[in-house]
Amino acid sequence: MRVLITGSAGFVGSHLADRYLADGHHVVAADNLITGSLENLKEARQNAAFRYVEADVTGDWAAIAAAVHEHMMGVDLILHFASPASPVDYANHPFETMAVNSVGTEQCARFALKHDARLLFASTSECYGDPREHPQREEYWGNVNPNGPRSCYDEAKRFGEALVFAFLRKRNLDARVIRIFNTYGPRMRRNDGRVVPNFVTQALAGKPLTIFGNGKQTRSFCYVDDLIEGIVRCAASDATRGVVVNLGNPDEREIAEFARVVCEITRMPLSIEYSPMPADDPGRRCPDITRAKALLGWSPQVSLEEGLRRTVEAFSTNAGRAL
Ligand code: NAD
Ligand code: UDP
């Protein structure tokens, strides 16, 4: 198969590239490096079946089309993962975030139609905002502040979903949407501001862990290998055409409890520094994955403790600190 991955120098996109290459496919990776790094593609770039093109998916489609044509003579599957994803990153890049999920998604849909390719759009649990239903099922419409500090991301992803469904209904695009819940693992940017790299980096440096609010808010953390397996199954399935699928791990934890687990795994004493809760930070989040189980036969296999062990090992190897 011939696969185009946008956002492929990022955390999730680079793991996706490695997986499709390992499965024997051809991959073109497009990225403008706004939050990604070529370091993540070090192994992929050794592979003759891989081609990287530095391009902004909101505009540089001549470059992407040329790479797709020269490298694979066409494309069968487009995985649209380009977008800042950390609250700190999208607060720093609100315009770019809105553009890549709106204009960028439209460009991906048009390119897919032109090449008779399938599209998978990476949406997010943020579509549910600060949810009033728990756990979150795909049918839930969410509780989103349309102009708050997270709105550039939440509303852009919701718009992206609407756009994908308009292309599906009016142009018969073969498309599906996944809503990803907090995913973590090796290759997260140390300073991207998300809770996993923050806590792991702080613990390894022997610094206090920075809990926002009282730490009673919850998240459900999915190890990246589990997410990748879910994405590959969703992209390969005819049954997911026109369907939204939650992908995440339903093992819900309070952030304070998560801090305790990070300190346990890093074998550091628990020390906390509290600061105020950011505006509109969701109070609870946990995926209902009934649909993913039924359609894809998928559920996460890696426990939080095991996933964190692997993540800490990767972070500490890079930092030169033996566990
Ligand atoms: P990331 O920041 O590590 O990766 C995003 C990549 O997209 C980066 O390499 C960045 O340079 C690239 N990019 C951004 N705008 C671009 C543009 N206009 N043109 C080309 N490239 C562009 O983030 P991630 O965690 O890997 O997230 C990947 C995707 O998954 C995003 O769409 C995100 O919204 C979605 N998602 C991730 C999570 C998660 O927990 N990691 C949760 C929900 C949704
Ligand atoms: N958080 C925290 N300390 C940090 C970073 C994040 O307590 O150093 C909290 C944040 O307020 C949120 C949760 O951890 O409630 C997850 O934050 P993250 O930025 O990873 O992702 P989100 O799920 O909010 O998009």
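Hydrogens, waters and symmetry mates play no part in the numbers below; they use all other heavy atoms, side chains included. Whatever order the structure lists ligands and atoms in, that order sets their numbers, starting from 1.
The shell of residues lying under 4.0 angstrom from ligand 2, judged by heavy atoms, excludes Ser86. Residue contacts with ligand 2: Gln202 is excluded, as none of its non-hydrogen atoms falls under 4.0 Å. Ligand 2 does not have Pro282 within reach: every non-hydrogen atom of the residue lies 4.0 Å or more from it. Between Ala55 and ligand 1 there is a heavy-atom distance shorter than 4.0 Å. Ligand 1 does not have Glu126 within reach: every non-hydrogen atom of the residue lies 4.0 Å or more from it. At least one heavy atom of Ala9 sits less than 4.0 Å from an atom of ligand 1. The shortest separation from a heavy atom of Phe258 to ligand 2 is not under 4.0 Å, leaving the residue out of contact.
Contacts of Asn182 with ligand 1, taken as heavy-atom pairs under 4.0 Å, involve the backbone alone. Of all the heavy atoms of Leu33, the ones lying under 4.0 Å from any atom of ligand 1 belong exclusively to the backbone. If you look at Arg194 next to ligand 1, the close heavy atoms, those under 4.0 Å, all belong to the side chain. Contacts between Tyr153 and ligand 1, counted as non-hydrogen atom pairs separated by less than 4.0 Å, involve the side chain only. Under 4.0 angstrom from ligand 1, the non-hydrogen atoms of Ser123 all belong to its backbone. In Arg179, neither the side chain nor the backbone holds a heavy atom less than 4.0 Å from any atom of ligand 1.
Of the charged side-chain nitrogens involved, at least one lies within less than 4.0 Å of a carboxylate oxygen, so that Arg291 and Glu139 count as a salt-bridged pair. Ion pairing between a basic and an acidic side chain is recognised when a charged N comes within 4.0 Å of a carboxylate O; Arg309 and Glu306 show such pairing. With salt bridges taken as basic N to acidic carboxylate O contacts below 4.0 Å, none links Asp116 and Arg118. Glu126 has a carboxylate O that lies under 4.0 Å from a charged side-chain N of Arg285, or vice versa, which qualifies the two as a salt bridge. Taking 4.0 Å as the cut-off between side-chain N and carboxylate O, Arg179 and Glu161 count as a salt-bridged pair. Between Arg187 and Asp18, at least one side-chain nitrogen of the basic residue sits less than 4.0 Å from a carboxylate oxygen of the acidic one, meeting the salt-bridge criterion.
When only non-hydrogen protein atoms are considered, atom 10 (C) of ligand 2 lies nearest to Asp281 OD2, 3.2 Å. Protein heavy atom in closest approach to atom 20 (O) of ligand 2: Val195 N, 2.8 Å. Protein heavy atom nearest atom 1 (P) of ligand 1, with residue, atom name and distance: Thr35 OG1, 3.8 Å. Here the protein heavy atom with the shortest distance to atom 11 (O) of ligand 1 is Asp31 OD1, 2.6 Å. Nearest protein heavy-atom contact of atom 4 (O) of ligand 1 is Gly10 CA, 3.4 Å. Taking atom 16 (C) of ligand 1 as the reference point, the nearest protein heavy-atom neighbour is Asn32 OD1, 3.3 Å.
Counting heavy atoms from C-beta on, the side chains of Val100 and Val57 come closer than 4.5 Å. At a threshold of 4.5 Å between non-hydrogen side-chain atoms, the residues Leu308 and Val261 count as touching.
In summary, the side chains of Tyr140 and Arg132 do not present any donor paired with an acceptor at a separation below 3.5 Å, with no hydrogens or angles considered. Side chain to side chain, Gln107 and Thr58 fail the donor-acceptor criterion of an N or O pair below 3.5 Å. Asn143 and Asp130 share no side-chain donor-acceptor pair at under 3.5 Å. If you check the side chains of Arg2 and His26, you find no donor sitting under 3.5 Å from an acceptor. Using modelled atom types and a 3.5 Å distance limit, the side chains of Ser83 and Asn101 yield a donor-acceptor pair. Donor-acceptor pairing under 3.5 Å is recorded for the side chains of Thr218 and Glu252.
Residue Ile231 is grouped with residue Val243 when hydrophobic side chains (ILVMFWY) are merged at heavy-atom distances under 4.5 angstrom, including chains of intermediate members.
Each of the following atoms of ligand 2 lies closer than 4.0 Å to a heavy atom of Gly193: 5 (C). Proximity to Asn182 (heavy-atom distance under 4.0 Å) selects the following atoms of ligand 2: 21 (O), 22 (P), 23 (O). Listed by atom number, the atoms of ligand 2 under 4.0 Å from Ile211 heavy atoms are 7 (O).
Proximity annotation for atom 40 (O) of ligand 1: of Leu41, Leu227, Thr58, Thr183, Thr183 comes nearest, heavy atoms only. Evaluated by nearest non-hydrogen atom to atom 5 (C) of ligand 1, the leading choice among Ser8, Ser83, Ala85, Gly36 is Ser83.
Polar contact with ligand 2: present for Arg219 (N/O pair, distance under 3.5 Å). Distances between N or O atoms of Val196 and those of ligand 2 include no value under 3.5 Å. Close N/O approach between Met277 and ligand 2 is not found [any backbone or side-chain N/O within under 3.5 Å]. Annotation: Arg194 places no N or O atom under 3.5 Å from an N or O atom of ligand 2; distance criterion only.
At least one donor-acceptor pair closer than 3.5 Å links the side chain of Gln217 to the backbone N or O of Phe212.
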